[in-house]
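Written out below as C-alpha coordinates is the structure these notes cover.
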Amino acid sequence: MKQQTLQDIFSNYIQTPTTIFKNKDVLSPDYIPEITIHRDEQIKQIASILSPILRGLKVSNIFLFGKTGTGKTVCAKQVATELEKNSKKVKVIYLNCKMKRVSDTEYRILAELSRSFGKTVPPTGLPTDEIYRIFYKCIELENKSIILILDEIDALVKKIGDGILYNLTRINQDLKNSKISLIGISNDTTFTENLDPRVKSSLSEEEILFPPYNASQIKDILEQRSLDAINTGCLEQGVITKCAAFAAQEHGDARKALDLLRIAAETAEREGSLKVLIKHVDKAEEKLDLDRTVEIVKTQPKQSLAVLAATIKLVEAGRKNIQTGDIFEVYQQISTNTGLKNLTQRRVSDLIGELDMLGIINTRVISKGRYGRTREIRLLLSKQIVEKIKKVLIENYLL
DNA sequence: GTCAATTCACATGAAAGAGACCACGGTCTAGTG
DNA sequence: CTAGACCGTGGTCTCTTTCATGTGAATTGACGA
(Lines give C-alpha, C1' and ligand atoms only; values in the text may rest on other atoms or scores of the structure.)
Protein backbone atom coordinates (compact mmCIF):
# COMPACT_ATOMS: atom_id res chain seq x y z
CA MET A 1 0.00 0.00 0.00
CA LYS A 2 2.74 2.33 0.97
CA GLN A 3 4.62 1.44 -2.18
CA GLN A 4 1.55 2.13 -4.19
CA THR A 5 1.13 5.72 -3.01
CA LEU A 6 4.77 6.43 -3.54
CA GLN A 7 4.48 5.19 -7.06
CA ASP A 8 1.47 7.40 -7.51
CA ILE A 9 3.35 10.45 -6.39
CA PHE A 10 6.19 9.75 -8.74
CA SER A 11 4.08 9.01 -11.74
CA ASN A 12 1.99 11.99 -10.95
CA TYR A 13 5.13 14.05 -10.95
CA ILE A 14 6.26 12.64 -14.22
CA GLN A 15 2.95 12.98 -15.94
CA THR A 16 1.93 16.45 -14.91
CA PRO A 17 4.68 18.73 -15.98
CA THR A 18 6.03 21.21 -13.47
CA THR A 19 6.65 23.87 -16.01
CA ILE A 20 4.67 25.16 -18.90
CA PHE A 21 7.55 25.49 -21.29
CA LYS A 22 9.13 22.55 -22.94
CA ASN A 23 11.39 24.70 -25.03
CA LYS A 24 10.89 28.42 -24.86
CA ASP A 25 13.19 29.18 -27.79
CA VAL A 26 10.71 27.69 -30.21
CA LEU A 27 8.44 30.66 -29.58
CA SER A 28 11.15 33.27 -29.96
CA PRO A 29 11.07 35.37 -33.10
CA ASP A 30 14.50 34.17 -34.22
CA TYR A 31 13.66 30.51 -34.18
CA ILE A 32 13.75 28.75 -37.53
CA PRO A 33 11.44 25.76 -37.49
CA GLU A 34 12.19 22.58 -39.42
CA ILE A 35 9.05 22.81 -41.44
CA THR A 36 7.17 25.93 -42.35
CA ILE A 37 3.52 25.48 -42.98
CA HIS A 38 1.32 27.47 -45.32
CA ARG A 39 4.32 28.75 -47.20
CA ASP A 40 5.02 25.83 -49.53
CA GLU A 41 4.39 27.89 -52.60
CA GLN A 42 6.87 30.60 -51.66
CA ILE A 43 9.51 28.16 -50.51
CA LYS A 44 9.23 26.27 -53.76
CA GLN A 45 9.62 29.48 -55.70
CA ILE A 46 12.66 30.60 -53.79
CA ALA A 47 14.23 27.18 -54.03
CA SER A 48 13.72 26.90 -57.76
CA ILE A 49 15.19 30.33 -58.33
CA LEU A 50 18.20 29.61 -56.17
CA SER A 51 18.92 26.02 -57.06
CA PRO A 52 21.15 26.76 -60.08
CA ILE A 53 23.62 27.97 -57.50
CA LEU A 54 24.40 24.35 -56.72
CA ARG A 55 25.99 24.07 -60.14
CA GLY A 56 27.91 27.22 -59.55
CA LEU A 57 25.74 29.36 -61.77
CA LYS A 58 24.80 32.89 -61.05
CA VAL A 59 21.22 33.11 -59.86
CA SER A 60 18.79 35.98 -59.97
CA ASN A 61 18.45 38.39 -57.13
CA ILE A 62 15.22 37.94 -55.26
CA PHE A 63 13.03 40.44 -53.59
CA LEU A 64 10.63 39.22 -50.94
CA PHE A 65 7.95 41.45 -49.64
CA GLY A 66 4.96 41.22 -47.37
CA LYS A 67 3.84 42.52 -44.00
CA THR A 68 5.68 41.76 -40.79
CA GLY A 69 5.33 38.25 -39.49
CA THR A 70 4.36 36.66 -42.76
CA GLY A 71 7.28 34.28 -42.80
CA LYS A 72 9.61 36.04 -45.23
CA THR A 73 12.70 35.74 -43.12
CA VAL A 74 12.00 32.20 -42.04
CA CYS A 75 11.48 30.99 -45.60
CA ALA A 76 14.55 32.74 -46.95
CA LYS A 77 16.74 31.45 -44.17
CA GLN A 78 15.37 27.97 -44.48
CA VAL A 79 16.04 27.64 -48.18
CA ALA A 80 19.41 29.30 -47.94
CA THR A 81 20.70 27.16 -45.11
CA GLU A 82 19.45 24.07 -46.87
CA LEU A 83 21.47 25.07 -49.92
CA GLU A 84 24.47 25.72 -47.75
CA LYS A 85 24.17 22.21 -46.36
CA ASN A 86 24.01 20.72 -49.83
CA SER A 87 27.02 22.39 -51.29
CA LYS A 88 30.37 23.42 -49.99
CA LYS A 89 30.52 26.15 -52.58
CA VAL A 90 27.63 28.11 -51.13
CA LYS A 91 27.83 30.56 -48.29
CA VAL A 92 24.91 32.37 -46.76
CA ILE A 93 25.17 35.67 -45.02
CA TYR A 94 22.21 37.02 -43.19
CA LEU A 95 22.10 40.64 -42.21
CA ASN A 96 19.27 42.35 -40.47
CA CYS A 97 19.55 45.93 -41.57
CA LYS A 98 17.28 47.21 -38.87
CA MET A 99 19.57 46.18 -36.09
CA LYS A 100 20.97 49.23 -34.36
CA ARG A 101 24.62 49.86 -34.88
CA VAL A 102 24.58 48.00 -38.15
CA SER A 103 22.49 49.79 -40.64
CA ASP A 104 23.30 53.37 -39.84
CA THR A 105 25.89 53.82 -42.52
CA GLU A 106 27.30 52.26 -45.62
CA TYR A 107 30.52 51.72 -43.78
CA ARG A 108 28.93 49.73 -41.00
CA ILE A 109 27.05 47.47 -43.36
CA LEU A 110 30.22 46.62 -45.21
CA ALA A 111 32.16 46.23 -41.98
CA GLU A 112 29.52 43.86 -40.68
CA LEU A 113 29.58 41.88 -43.91
CA SER A 114 33.35 41.69 -43.89
CA ARG A 115 33.21 40.49 -40.31
CA SER A 116 30.97 37.63 -41.29
CA PHE A 117 33.87 36.46 -43.45
CA GLY A 118 35.97 36.38 -40.32
CA LYS A 119 37.81 39.56 -41.05
CA THR A 120 38.41 41.96 -38.21
CA VAL A 121 37.48 45.44 -39.22
CA PRO A 122 37.73 48.55 -37.10
CA PRO A 123 34.31 49.96 -36.21
CA THR A 124 35.26 53.30 -37.66
CA GLY A 125 38.21 55.29 -38.86
CA LEU A 126 38.77 53.76 -42.27
CA PRO A 127 37.77 55.52 -45.47
CA THR A 128 34.69 54.00 -47.08
CA ASP A 129 36.40 52.97 -50.29
CA GLU A 130 38.96 51.15 -48.18
CA ILE A 131 36.24 49.06 -46.57
CA TYR A 132 34.85 48.35 -50.02
CA ARG A 133 38.23 47.03 -51.04
CA ILE A 134 38.39 44.83 -47.96
CA PHE A 135 34.96 43.50 -48.68
CA TYR A 136 35.78 42.70 -52.31
CA LYS A 137 38.87 40.90 -51.20
CA CYS A 138 36.95 38.85 -48.66
CA ILE A 139 34.48 37.69 -51.25
CA GLU A 140 37.13 36.97 -53.83
CA LEU A 141 39.17 34.90 -51.39
CA GLU A 142 36.13 32.97 -50.28
CA ASN A 143 35.76 31.51 -53.76
CA LYS A 144 32.13 30.57 -53.29
CA SER A 145 28.68 31.47 -54.39
CA ILE A 146 27.39 33.83 -51.82
CA ILE A 147 23.78 34.40 -50.90
CA LEU A 148 23.37 37.65 -49.12
CA ILE A 149 20.10 38.04 -47.27
CA LEU A 150 19.36 41.63 -46.47
CA ASP A 151 16.45 41.72 -44.08
CA GLU A 152 14.42 44.88 -43.59
CA ILE A 153 16.14 46.36 -46.57
CA ASP A 154 13.71 49.27 -46.62
CA ALA A 155 15.11 50.52 -43.33
CA LEU A 156 18.55 50.48 -44.88
CA VAL A 157 17.56 52.47 -47.91
CA LYS A 158 15.61 54.95 -45.86
CA LYS A 159 18.68 55.64 -43.78
CA ILE A 160 21.48 55.73 -46.27
CA GLY A 161 19.98 55.61 -49.71
CA ASP A 162 20.26 53.00 -52.41
CA GLY A 163 23.86 53.63 -53.36
CA ILE A 164 25.08 50.63 -51.48
CA LEU A 165 22.53 48.40 -53.16
CA TYR A 166 23.66 49.66 -56.52
CA ASN A 167 27.22 48.76 -55.67
CA LEU A 168 26.28 45.37 -54.32
CA THR A 169 24.25 44.45 -57.36
CA ARG A 170 27.11 45.44 -59.63
CA ILE A 171 29.80 43.78 -57.61
CA ASN A 172 29.55 40.60 -59.68
CA GLN A 173 31.08 42.31 -62.66
CA ASP A 174 34.36 42.74 -60.82
CA LEU A 175 34.45 39.34 -59.21
CA LYS A 176 36.36 36.50 -60.78
CA ASN A 177 36.11 33.59 -58.35
CA SER A 178 32.95 34.25 -56.44
CA LYS A 179 29.42 35.24 -57.20
CA ILE A 180 27.02 37.07 -55.05
CA SER A 181 23.24 36.96 -55.08
CA LEU A 182 21.00 39.18 -53.05
CA ILE A 183 17.80 38.34 -51.31
CA GLY A 184 16.14 41.56 -50.25
CA ILE A 185 13.41 41.37 -47.68
CA SER A 186 11.08 44.23 -47.02
CA ASN A 187 7.79 44.67 -45.28
CA ASP A 188 7.07 47.86 -47.09
CA THR A 189 5.31 46.86 -50.26
CA THR A 190 5.78 50.22 -51.91
CA PHE A 191 9.49 50.17 -51.21
CA THR A 192 10.78 49.45 -54.71
CA GLU A 193 8.89 52.34 -56.22
CA ASN A 194 11.30 54.89 -54.85
CA LEU A 195 14.44 53.04 -55.83
CA ASP A 196 16.88 54.05 -58.47
CA PRO A 197 15.54 52.26 -61.56
CA ARG A 198 18.84 50.52 -62.12
CA VAL A 199 18.81 49.13 -58.61
CA LYS A 200 15.18 48.25 -58.89
CA SER A 201 15.57 46.20 -62.01
CA SER A 202 18.53 44.26 -60.76
CA LEU A 203 17.29 43.73 -57.23
CA SER A 204 13.87 42.55 -58.16
CA GLU A 205 14.72 40.22 -60.97
CA GLU A 206 12.37 37.92 -59.14
CA GLU A 207 9.71 39.14 -56.77
CA ILE A 208 7.80 37.00 -54.35
CA LEU A 209 4.85 38.25 -52.40
CA PHE A 210 4.06 36.94 -48.96
CA PRO A 211 0.37 37.48 -48.29
CA PRO A 212 -0.74 37.82 -44.68
CA TYR A 213 -1.83 34.69 -42.88
CA ASN A 214 -5.46 34.35 -42.03
CA ALA A 215 -6.63 33.41 -38.54
CA SER A 216 -6.86 29.71 -39.19
CA GLN A 217 -3.39 29.59 -40.73
CA ILE A 218 -1.95 31.37 -37.73
CA LYS A 219 -3.74 28.89 -35.58
CA ASP A 220 -2.08 26.04 -37.44
CA ILE A 221 1.30 27.64 -37.00
CA LEU A 222 0.77 28.19 -33.33
CA GLU A 223 -0.43 24.66 -32.84
CA GLN A 224 2.56 23.28 -34.61
CA ARG A 225 5.02 25.38 -32.67
CA SER A 226 3.35 24.87 -29.35
CA LEU A 227 3.85 21.13 -29.73
CA ASP A 228 7.57 21.70 -29.34
CA ALA A 229 7.42 24.69 -27.11
CA ILE A 230 4.86 23.91 -24.50
CA ASN A 231 4.22 20.82 -22.48
CA THR A 232 1.09 18.89 -23.30
CA GLY A 233 -1.96 19.78 -21.34
CA CYS A 234 -0.71 23.20 -20.36
CA LEU A 235 -2.92 25.13 -22.70
CA GLU A 236 -6.50 25.89 -21.92
CA GLN A 237 -8.91 25.21 -24.75
CA GLY A 238 -9.18 28.32 -26.87
CA VAL A 239 -5.90 29.97 -25.94
CA ILE A 240 -4.37 29.38 -29.32
CA THR A 241 -7.50 30.48 -31.11
CA LYS A 242 -7.49 33.67 -29.11
CA CYS A 243 -3.85 34.43 -29.86
CA ALA A 244 -4.48 33.76 -33.51
CA ALA A 245 -7.51 36.01 -33.53
CA PHE A 246 -5.61 38.86 -31.90
CA ALA A 247 -2.79 38.58 -34.38
CA ALA A 248 -5.08 38.19 -37.37
CA GLN A 249 -6.70 41.47 -36.51
CA GLU A 250 -3.37 43.07 -37.18
CA HIS A 251 -2.69 42.04 -40.75
CA GLY A 252 -2.00 38.40 -39.93
CA ASP A 253 1.22 38.81 -38.07
CA ALA A 254 2.41 35.37 -37.02
CA ARG A 255 5.28 36.83 -35.07
CA LYS A 256 2.89 38.73 -32.89
CA ALA A 257 0.86 35.59 -32.33
CA LEU A 258 3.95 33.76 -31.15
CA ASP A 259 4.90 36.64 -28.91
CA LEU A 260 1.45 36.65 -27.44
CA LEU A 261 1.56 32.97 -26.72
CA ARG A 262 5.00 33.19 -25.21
CA ILE A 263 4.17 36.11 -22.98
CA ALA A 264 0.88 34.58 -21.98
CA ALA A 265 2.72 31.45 -20.96
CA GLU A 266 5.30 33.48 -19.08
CA THR A 267 2.57 35.34 -17.25
CA ALA A 268 0.90 32.10 -16.36
CA GLU A 269 4.13 30.68 -15.10
CA ARG A 270 4.82 33.74 -13.01
CA GLU A 271 1.42 33.47 -11.45
CA GLY A 272 2.23 29.92 -10.50
CA SER A 273 -0.39 28.53 -12.79
CA LEU A 274 0.41 25.33 -14.61
CA LYS A 275 -1.97 26.12 -17.38
CA VAL A 276 -2.11 29.02 -19.77
CA LEU A 277 -5.57 30.48 -19.50
CA ILE A 278 -7.43 32.82 -21.77
CA LYS A 279 -7.10 35.64 -19.30
CA HIS A 280 -3.34 35.32 -19.57
CA VAL A 281 -3.61 36.03 -23.27
CA ASP A 282 -5.52 39.20 -22.53
CA LYS A 283 -2.84 40.26 -20.11
CA ALA A 284 -0.14 39.43 -22.62
CA GLU A 285 -1.83 41.59 -25.21
CA GLU A 286 -1.72 44.55 -22.84
CA LYS A 287 1.82 43.87 -21.78
CA LEU A 288 3.07 43.55 -25.33
CA ASP A 289 1.87 47.02 -26.13
CA LEU A 290 3.12 48.51 -22.92
CA ASP A 291 6.54 46.95 -23.06
CA ARG A 292 7.15 47.96 -26.63
CA THR A 293 6.28 51.59 -26.10
CA VAL A 294 8.08 51.98 -22.79
CA GLU A 295 11.14 50.27 -24.17
CA ILE A 296 11.22 52.66 -27.10
CA VAL A 297 10.81 55.65 -24.83
CA LYS A 298 13.61 54.50 -22.58
CA THR A 299 16.07 54.35 -25.43
CA GLN A 300 15.33 57.85 -26.71
CA PRO A 301 17.90 60.60 -26.33
CA LYS A 302 17.27 63.34 -23.81
CA GLN A 303 16.20 65.98 -26.27
CA SER A 304 13.62 63.67 -27.70
CA LEU A 305 12.33 62.93 -24.23
CA ALA A 306 12.11 66.64 -23.51
CA VAL A 307 9.89 67.05 -26.55
CA LEU A 308 7.78 64.14 -25.39
CA ALA A 309 7.56 65.68 -21.93
CA ALA A 310 6.34 68.91 -23.48
CA THR A 311 3.69 67.00 -25.39
CA ILE A 312 2.47 65.16 -22.32
CA LYS A 313 2.42 68.37 -20.32
CA LEU A 314 0.19 70.02 -22.90
CA VAL A 315 -2.10 67.02 -23.15
CA GLU A 316 -2.44 66.80 -19.39
CA ALA A 317 -3.31 70.47 -19.28
CA GLY A 318 -6.28 69.53 -21.40
CA ARG A 319 -5.13 71.33 -24.51
CA LYS A 320 -6.72 70.33 -27.75
CA ASN A 321 -5.23 70.84 -31.22
CA ILE A 322 -1.64 70.98 -30.10
CA GLN A 323 0.69 72.41 -32.73
CA THR A 324 4.39 72.33 -33.30
CA GLY A 325 4.68 75.90 -32.06
CA ASP A 326 2.97 75.08 -28.76
CA ILE A 327 5.27 72.18 -28.16
CA PHE A 328 8.28 74.25 -29.02
CA GLU A 329 7.32 76.85 -26.41
CA VAL A 330 6.85 74.31 -23.64
CA TYR A 331 9.93 72.48 -24.75
CA GLN A 332 11.98 75.61 -24.35
CA GLN A 333 10.78 76.03 -20.78
CA ILE A 334 11.59 72.44 -19.97
CA SER A 335 15.00 72.48 -21.55
CA THR A 336 15.91 75.76 -19.85
CA ASN A 337 14.75 74.48 -16.47
CA THR A 338 16.71 71.28 -16.78
CA GLY A 339 19.85 72.90 -18.14
CA LEU A 340 19.44 71.17 -21.46
CA LYS A 341 20.65 72.92 -24.57
CA ASN A 342 17.90 74.75 -26.41
CA LEU A 343 17.41 73.34 -29.86
CA THR A 344 16.02 75.27 -32.78
CA GLN A 345 12.47 74.87 -33.93
CA ARG A 346 13.72 73.15 -37.04
CA ARG A 347 15.27 70.41 -35.00
CA VAL A 348 12.32 70.09 -32.63
CA SER A 349 10.11 69.69 -35.66
CA ASP A 350 12.25 66.77 -36.72
CA LEU A 351 12.14 65.24 -33.26
CA ILE A 352 8.36 65.42 -33.31
CA GLY A 353 8.43 63.65 -36.62
CA GLU A 354 10.65 60.94 -35.17
CA LEU A 355 8.37 60.40 -32.20
CA ASP A 356 5.53 60.05 -34.65
CA MET A 357 7.44 57.46 -36.63
CA LEU A 358 8.00 55.49 -33.45
CA GLY A 359 4.29 55.49 -32.81
CA ILE A 360 4.58 57.26 -29.48
CA ILE A 361 2.71 60.32 -30.58
CA ASN A 362 0.38 60.84 -33.47
CA THR A 363 0.74 63.74 -35.85
CA ARG A 364 -1.02 64.97 -38.90
CA VAL A 365 0.06 67.82 -41.11
CA ILE A 366 -2.85 70.13 -41.55
CA SER A 367 -3.23 73.42 -43.25
CA LYS A 368 -5.26 75.96 -41.39
CA GLY A 369 -5.49 78.34 -44.25
CA ARG A 370 -4.66 81.84 -43.29
CA TYR A 371 -3.39 80.51 -39.97
CA GLY A 372 -0.64 78.52 -41.51
CA ARG A 373 0.40 74.94 -41.94
CA THR A 374 1.44 72.87 -39.02
CA ARG A 375 1.36 69.49 -37.41
CA GLU A 376 -1.54 68.63 -35.21
CA ILE A 377 -0.20 66.47 -32.44
CA ARG A 378 -2.11 63.96 -30.38
CA LEU A 379 -1.28 61.31 -27.84
CA LEU A 380 -3.09 58.08 -28.56
CA LEU A 381 -1.67 55.97 -25.77
CA SER A 382 -3.61 54.32 -23.00
CA LYS A 383 -3.49 55.92 -19.56
CA GLN A 384 -1.43 53.06 -18.24
CA ILE A 385 1.26 53.58 -20.83
CA VAL A 386 1.30 57.33 -20.32
CA GLU A 387 1.84 56.78 -16.60
CA LYS A 388 4.78 54.51 -17.32
CA ILE A 389 6.24 57.00 -19.75
CA LYS A 390 5.87 59.75 -17.18
CA LYS A 391 7.87 57.67 -14.77
CA VAL A 392 10.66 57.43 -17.29
CA LEU A 393 10.53 61.17 -17.86
CA ILE A 394 10.61 61.87 -14.13
CA GLU A 395 13.65 59.64 -13.82
CA ASN A 396 15.26 61.91 -16.35
CA TYR A 397 14.18 65.00 -14.41
CA LEU A 398 12.10 66.19 -17.32
CA LEU A 399 8.81 66.43 -15.50
C1' DG B 1 -20.96 85.89 -55.61
C1' DT B 2 -16.57 84.54 -57.85
C1' DC B 3 -11.86 84.08 -58.39
C1' DA B 4 -7.04 84.96 -58.10
C1' DA B 5 -3.63 86.75 -54.95
C1' DT B 6 -1.96 86.90 -50.41
C1' DT B 7 -0.62 85.19 -46.17
C1' DC B 8 0.46 82.44 -42.28
C1' DA B 9 3.06 78.95 -39.63
C1' DC B 10 5.23 75.84 -40.19
C1' DA B 11 6.96 71.46 -43.18
C1' DT B 12 10.61 69.83 -45.69
C1' DG B 13 15.30 69.78 -47.94
C1' DA B 14 20.08 70.60 -48.41
C1' DA B 15 24.37 71.81 -46.85
C1' DA B 16 27.58 72.46 -43.66
C1' DG B 17 29.60 72.75 -38.86
C1' DA B 18 30.84 70.94 -34.22
C1' DG B 19 32.44 67.63 -31.44
C1' DA B 20 32.84 62.90 -30.54
C1' DC B 21 35.00 58.64 -31.82
C1' DC B 22 38.54 55.68 -33.98
C1' DA B 23 42.70 53.75 -36.63
C1' DC B 24 47.15 54.37 -37.94
C1' DG B 25 51.84 55.79 -38.15
C1' DG B 26 55.50 58.26 -36.07
C1' DT B 27 58.02 59.67 -31.99
C1' DC B 28 59.38 59.35 -27.33
C1' DT B 29 60.42 56.87 -23.09
C1' DA B 30 61.49 53.46 -19.87
C1' DG B 31 62.79 48.86 -19.12
C1' DT B 32 65.63 44.82 -20.38
C1' DG B 33 69.54 42.13 -21.80
C1' DC C 1 66.39 46.74 -28.78
C1' DT C 2 61.58 46.66 -27.79
C1' DA C 3 57.02 47.28 -25.73
C1' DG C 4 54.10 50.66 -24.50
C1' DA C 5 52.60 55.57 -23.99
C1' DC C 6 51.50 59.55 -26.39
C1' DC C 7 50.47 62.66 -30.20
C1' DG C 8 48.97 64.38 -34.71
C1' DT C 9 46.47 63.35 -38.81
C1' DG C 10 42.83 61.92 -41.38
C1' DG C 11 38.81 59.67 -41.59
C1' DT C 12 33.61 58.64 -40.04
C1' DC C 13 29.30 59.47 -37.29
C1' DT C 14 25.74 61.88 -35.06
C1' DC C 15 23.46 65.76 -33.81
C1' DT C 16 22.56 70.21 -34.82
C1' DT C 17 22.18 74.83 -37.10
C1' DT C 18 21.52 77.79 -41.02
C1' DC C 19 19.55 78.95 -45.09
C1' DA C 20 16.20 78.12 -48.57
C1' DT C 21 12.18 76.58 -50.54
C1' DG C 22 7.52 74.49 -50.44
C1' DT C 23 2.65 74.09 -49.09
C1' DG C 24 -2.48 74.29 -48.66
C1' DA C 25 -6.44 76.54 -47.46
C1' DA C 26 -8.60 80.70 -44.96
C1' DT C 27 -8.78 85.34 -45.96
C1' DT C 28 -8.73 89.36 -48.70
C1' DG C 29 -9.87 92.34 -52.12
C1' DA C 30 -10.80 93.35 -56.92
C1' DC C 31 -14.09 92.54 -60.24
C1' DG C 32 -18.36 91.78 -62.56
C1' DA C 33 -23.27 90.58 -62.45
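The chains referred to below are lettered A, B, ... by the order of the sequence lines, with proteins before strands, and numbering in each begins at 1.
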Any donor-acceptor pair under 3.5 Å from Arg225(A) side chain to Pro33(A) backbone: no
Interatomic distance, Ile377(A) CD1 vs dA9(B) C1' [rounded to whole Å]: 13 Å
Hydrophobic cluster of Leu277(A), others only, ordered by chain and residue number, side-chain cut-off 4.5 Å: none
Atom-pair distance (OH on Tyr331(A); P on dC10(B)), nearest Å: 16 Å
Euclidean distance, atom CE of residue Met357(A) to atom C1' of dT12(B) [Å, nearest integer]: 15 Å
Of residues 305-319 of chain A, the positions that come close to DNA chain B - non-hydrogen atoms, cut-off under 4.0 Å: none
Residue pair Ser304(A) / Glu354(A), side-chain donor-acceptor N/O under 3.5 Å: no
Nucleotide dC8(B), atom P - distance to CD of Glu376(A) in whole Å: 21 Å
Heavy atoms from other residues, nucleotides or ligands near CZ of Arg55(A) exceed 12 (cutoff 6.0 Å): no
Phosphate OP1/OP2 of dA9(B) contacted by Arg375(A) side-chain N/O (<4.0 Å): no
Phosphate OP1/OP2 of dT12(B) contacted by Ser349(A) side-chain N/O (<4.0 Å): no
Gln323(A) side chain near dA9(B) phosphate (N/O to OP1/OP2, under 4.0 Å): no
salt_bridge(Lys368(A), Glu376(A)) N-O dist < 4.0 Å: no
Whole-Å gap separating P (dC10(B)) and CZ (Arg364(A)): 16 Å
Side chain to side chain, Lys287(A) and Glu266(A), heavy atoms closer than 4.5 Å: no
Contacts of Phe135(A) that satisfy ring-ring contact (aromatic ring centres under 6.0 Å, His included) - sequence neighbours left out: none
Presence of salt bridge, Glu82(A) and Lys85(A), under 4.0 angstrom: yes
Between dT12(C) (C1') and Leu110(A) (CG): distance, integer Å: 13 Å
Residues Lys275(A) and Glu236(A) bridged, charged N to O under 4.0 Å: no
Using a cut-off of under 3.5 Å, enumerate the N/O to N/O pairs linking the protein to nucleotides 15-18 of chain C.
residue	atom	partner	partner atom	Å
dT16(C)	OP2	Arg347(A)	NE	3.1
dT16(C)	OP2	Arg347(A)	NH2	3.3
dT17(C)	OP1	Asn342(A)	O	3.3
dT17(C)	OP1	Thr344(A)	N	3.4
dT17(C)	OP2	Thr344(A)	N	3.0
dT17(C)	OP2	Thr344(A)	OG1	2.9

Write out a two-atom table: protein N or O, nucleotide N or O from nucleotides 26-31 of chain C, distance below 3.5 Å.
residue	atom	partner	partner atom	Å
dA26(C)	O4'	Arg370(A)	N	3.1

Student check: side-chain heavy atoms of Asn172(A) and Leu175(A) closer than 4.5 Å: yes
Distance below 4.0 Å between Arg373(A) side-chain N/O and dG22(C) OP1 or OP2: no
Side-chain donor-acceptor pairs under 3.5 Å in residues 253-263 of chain A, sequence neighbours left out?
residue	atom	partner	partner atom	Å
Asp253(A)	OD1	Arg255(A)	N	2.9
Asp253(A)	OD1	Lys256(A)	N	3.1
Lys256(A)	NZ	Glu250(A)	OE2	2.8
Asp259(A)	OD1	Arg262(A)	NH2	2.9

Value in whole Å for how far the P atom of dA9(B) lies from CD1 of Ile327(A): 17 Å
